[in-house]
Engineer: 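So that we are looking at the same thing, I have put the structure below in structure tokens.
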Protein chains: 2
Amino acid sequence: MSAQMSIASPEEPHSAPTLSAVAKLAGVSSITVSRVVRLPDLVAPETRGRVEAAMRELGYVPNQLAVALARARTRSIGVLVPTIANSIFADTVQGLSDELEPLGYAVILAQSRYDAAREYHMLSALLSRRPEAIIMVGSPATEDGARLLRRAGIPVAETWDLPEAPIDAVAGFDNYEAGVAVARHLVGQGRSSLAFIGGDDPRATRRWNGFNDTAQALGAKAPRRLVLDRNASGSVVALAELPGVDAVFAANDAHAIGFMSGLRKAGLLRDGPAGEQTVAVVGLGDLEMGRLIAPSLSTIRVNGDAIGRTAAKLILAREGPRHIDLGFELVLRDSG
Amino acid sequence: MSAQMSIASPEEPHSAPTLSAVAKLAGVSSITVSRVVRLPDLVAPETRGRVEAAMRELGYVPNQLAVALARARTRSIGVLVPTIANSIFADTVQGLSDELEPLGYAVILAQSRYDAAREYHMLSALLSRRPEAIIMVGSPATEDGARLLRRAGIPVAETWDLPEAPIDAVAGFDNYEAGVAVARHLVGQGRSSLAFIGGDDPRATRRWNGFNDTAQALGAKAPRRLVLDRNASGSVVALAELPGVDAVFAANDAHAIGFMSGLRKAGLLRDGPAGEQTVAVVGLGDLEMGRLIAPSLSTIRVNGDAIGRTAAKLILAREGPRHIDLGFELVLRDSG
DNA sequence: ATTGGCGATGTTAACGTTGTCATTTGCCAT
DNA sequence: ATGGCAAATGACAACGTTAACATCGCCAAT
């Protein structure tokens, strides 16, 4: 038995009831039904009652597609993230969705999986549904993608970064400066053999650049950079590839915690404060977990929820600043 | 300067180009342009070339809303989750989205925030966009919500649970049995003063029931149940409320890790294996973090990604089984 | 008794596509 | 020559709504 059949009502192979079906049942014209939904005050109480009864009886739910076509307003926004699972971006999606859903907007979610071709494809798929705005993590990987967004003529928010030539709105922080801050802290603590572990996406690379430039400028040895795939557990074994290193900046907290787990196995983790660690570790993101584990994780705190909410506000705003730097904060705990 | 103006092209206050705009530029009728997009073989190569050039020049992107209205196929699916941030459900969303996006489906995401009224509202908002199917975590909290889904006449997948009277398809596991398994293990280990910490949503409650019933049946003291709000850090202080307890089942890994952090502060955590712990802790979900921390977290492993993928396959399938129990696995590590 | 206005309802066209059915052309077999 | 057919293209209605403009009573003001 097909899915369709197994849930069809006993009556007919119904499709969703329309405005005019309700109208017929209530003995009025469709426009009157439409008015009962949108402008009830224009309809006489007696009529309205009849129409409302008919709607209830049929289980009428307005067809937003038709509404969108007729009014040229879809009340939907496209959201493009690299990935949503196990990720700091989930907070951002939650934040923007909390901001947008009460306003009646639907969130259409797409993932690029850090792949330029897929990104372009999803961008174009998103746009074909005529969202009223696009919010994305990062910036388009290709000029083609950027052109697509510019031509769409809708508000666009790029997040989690501060692009030099943004398409429209921006809600992020300076990834380069985050790297600078960590390098400064680590070198200031007397560490001299630094390493960076993480992905090689644009934002991670920006962090690396700030980290690398600053470490060298402050007289540390040239830091090593270890590019890991997206699988956080890979970072557990990263230790083997980094002999002699005494401080690590991980591009995100998941990598940092994975790396610390490697340190623990190697017997290189102390319960004491930062200064006592054989290998200092600093993450990025401030996952709650980082606060709870021992030793607690030092990290660059970034408010993903605020980024999402801010992006949502920016695409809705008709005026005011369009580029917002949410900043970050170096939170020092026991790991480094 | 408004957002709209700041990104408008220098030419005109353009809205997106339509089929007939392309047609005009290429000197053909709109139906021919439509065919170039959908059935290129039906149009002469010379004409096709001209149309393609026109599409490129205008940056034409088909309007899926109009397509959906004309063909009565939206190629979108509605996804309703309690919350997406910091949550085991992100894996499920990723899984189903990975399955659906390549097929051209758009994922419309909505959050209920564990609120029955909001769930009903989002369900109805989702339905108003005429998705071809709905995938939700759990089951509708109200009969009204269930009725909405039944009347919609589309495939519906309920996940993360095995409802007794499902609306249509199911991809989940037996939450009651999960509680049973943990209680059995803990009592078998000689623990006698058990407690359960977590939320009071239907799935957590089912876990509690299995846990409670079994613990008592096996002769342990009646377990205590501590209902926490959704904020995992609340579980850090849970210890204070559970004097004398020697084993805890947390409804999810985040709570478990938070609770362990409380144990650590109280000096009640050992580095050794399960049997040595003063207070045993078992979580649910098998977050990667749980594997990495010390002591490593024992947990009920649930494959959120597989749940999402299975749900996606179920709503697409025209035949075959509609209720799939993905099961769970008790993974014993050092925490209990 | 007209007229003006308002409250309540209806008619029509449009939104951007696609399905269904023409129509036009050229070419081949008879 | 002539019917027949296929290849290429087009006209028109339909999808379910809404905007803009009618229409119809009815009552108050003249």
Side-chain angles (χ1 to χ4, degrees), chain A residues 14-52 54-55 58-76 104 125 127-132 152-153, chain B residues 14-52 54-55 58-76 104 125 127-132 152-153:
Chain A
H14 66 177
S15 61
T18 69
L19 216 45
S20 55
V22 176
K24 204 157 111 189
L25 183 59
V28 298
S29 72
S30 5
I31 194 69
T32 300
V33 180
S34 174
R35 282 199 268 254
V36 169
V37 175
R38 297 174 302 136
L39 315 154
D41 293 345
L42 292 188
V43 177
E46 196 268 336
T47 316
R48 194 193 312 162
R50 243 180 325 133
V51 171
E52 276 162 353
M55 296 199 302
L58 294 178
Y60 173 71
V61 177
N63 184 332
Q64 278 301 129
L65 283 134
V67 174
L69 192 58
R71 313 186 49 172
R73 288 214 58 185
T74 58
R75 292 210 154 262
S76 69
L127 253 16
S128 76
R129 307 191 113 105
R130 299 291 186 266
E132 295 184 23
Chain B
H14 66 178
S15 63
T18 69
L19 217 44
S20 55
V22 176
K24 206 159 110 187
L25 182 58
V28 298
S29 74
S30 7
I31 195 73
T32 300
V33 180
S34 174
R35 281 199 268 255
V36 169
V37 175
R38 296 175 301 136
L39 314 154
D41 294 344
L42 291 188
V43 6
E46 196 267 338
T47 315
R48 194 193 313 160
R50 241 176 331 131
V51 170
E52 276 162 353
M55 293 199 304
L58 294 178
Y60 174 71
V61 178
N63 184 333
Q64 279 302 129
L65 283 129
V67 174
L69 191 58
R71 310 184 56 169
R73 288 214 57 184
T74 57
R75 291 208 154 264
S76 69
L127 253 14
S128 76
R129 306 191 113 106
R130 297 295 185 263
E132 295 184 20

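The analysis underlying the following values was restricted to heavy atoms, covering all of them including side chains, and did not include hydrogens, waters or symmetry mates. As the structure is a computational prediction, the values presented were derived from the model and not from experiment. Chain A is the first sequence line, chain B the second, and so forth, proteins listed ahead of strands; every chain is numbered from 1.
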Engineer: If I compare all heavy atoms of B/E132 with all of B/T74, which pair ends up nearest, and what's the gap?
Structural biologist: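 Smallest heavy-atom distance, with atoms named: OE2-N, 3.1 Å.
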Engineer: Please report, rounded to the nearest Å, how far the C1' atom of C/dC6 is from the CG atom of A/D41.
Structural biologist: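 Rounding to the nearest Å, CG of A/D41 and C1' of C/dC6 are 15 Å apart.
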Engineer: Kindly say if B/R71 contacts the phosphate of C/dT17, meaning a side-chain N or O under 4.0 Å from OP1 or OP2.
Structural biologist: no
Engineer: Between A/T47 and C/dT9, does any side-chain N or O lie under 4.0 Å from OP1 or OP2?
Structural biologist: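 Checking A/T47 against C/dT9: at least one side-chain N or O falls below 4.0 Å of OP1 or OP2.
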Engineer: May I ask you to verify if any side-chain N or O of B/Y60 is less than 4.0 angstrom from the OP1 or OP2 atom of C/dG16?
Structural biologist: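 Negative; the distance criterion is not met.
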Engineer: In this structure, how many angstroms lie between the P atom of D/dT17 and the CG atom of B/L65, rounded?
Structural biologist: 14 Å
Engineer: Start with the C-alpha gap between A/T47 and A/T32, add the side-chain angles, then the distance that decides, and say whether side-chain contact (heavy atoms from CB on, under 4.5 Å) holds.
Structural biologist: CA-CA 9 Å; A/T47 316; A/T32 300; 4.2 Å; yes
Engineer: Expressed in angstrom and rounded to an integer, what is the separation of A/R73 atom CZ from D/dT17 atom P?
Structural biologist: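 A/R73 atom CZ is separated from D/dT17 atom P by 18 Å.
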Engineer: In this structure, how many angstroms lie between the P atom of D/dC21 and the CG atom of A/L42, rounded?
Structural biologist: 16 Å
Engineer: Can you tell which of C/dG19, C/dT9, C/dC15 lies closest to the side chain of A/L69?
Structural biologist: C/dC15
Engineer: Side chain of B/A70: nearest nucleotide among D/dT17, C/dG16, D/dA8?
Structural biologist: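 Closest nucleotide to the B/A70 side chain: C/dG16.
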Engineer: I need the CD-C1' distance between B/Q64 and C/dC15, as an integer number of Å.
Structural biologist: 16 Å
Engineer: C/dT18 phosphate, OP1 or OP2: any side-chain N/O from B/R35 under 4.0 angstrom?
Structural biologist: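 Checking B/R35 against C/dT18: no side-chain N or O falls below 4.0 Å of OP1 or OP2.
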Engineer: Taking only the side-chain heavy atoms of B/V43 (C-beta and beyond), determine which of C/dG19, D/dT9, C/dG16 contains the nearest atom.
Structural biologist: D/dT9
Engineer: Name the closest nucleotide to the B/T32 side chain, picking from C/dT17, D/dG16, D/dG10.
Structural biologist: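 Selected nucleotide (nearest to the side chain): D/dG10.
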Engineer: Mind running side-chain contact (heavy atoms from CB on, under 4.5 Å) on B/N63 and B/T18 for me, showing each step along the way?
Structural biologist: CA-CA 8 Å; B/N63 184 333; B/T18 69; over 6 Å; no
Engineer: Inspect the contact between B/E46 and B/R50 and indicate whether a charged nitrogen and a carboxylate oxygen are less than 4.0 angstrom apart.
Structural biologist: yes
Engineer: At 4.0 Å (heavy atoms only), tell me whether B/A72 reaches a base, stays on the sugar-phosphate, or touches nothing.
Structural biologist: nothing
Engineer: What is the distance, rounded to the nearest whole Å, between atom CZ of B/R130 and atom P of D/dT17?
Structural biologist: 7 Å
Engineer: What verdict does the side-chain contact (heavy atoms from CB on, under 4.5 Å) test give for B/S76 and A/R129, after you've listed the backbone C-alpha separation in whole Å, the side-chain angles of each residue and the deciding distance to 0.1 Å?
Structural biologist: CA-CA 10 Å; B/S76 69; A/R129 307 191 113 105; 4.0 Å; yes
Engineer: Please give, in whole Å, the distance from C/dT17 P to B/R38 CZ?
Structural biologist: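 That distance rounds to 11 Å.
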Engineer: State which of C/dT17, D/dT17, C/dG10 makes the closest approach to the side chain of A/S29.
Structural biologist: C/dG10
Engineer: Can you tell which of C/dT9, D/dT18, D/dT17 lies closest to the side chain of A/I31?
Structural biologist: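 So the nucleotide nearest the side chain must be D/dT18.
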Engineer: Once you round it to whole Å, what is the distance between P of C/dT25 and CD of B/E46?
Structural biologist: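 Roughly 17 Å, once rounded to whole Å.
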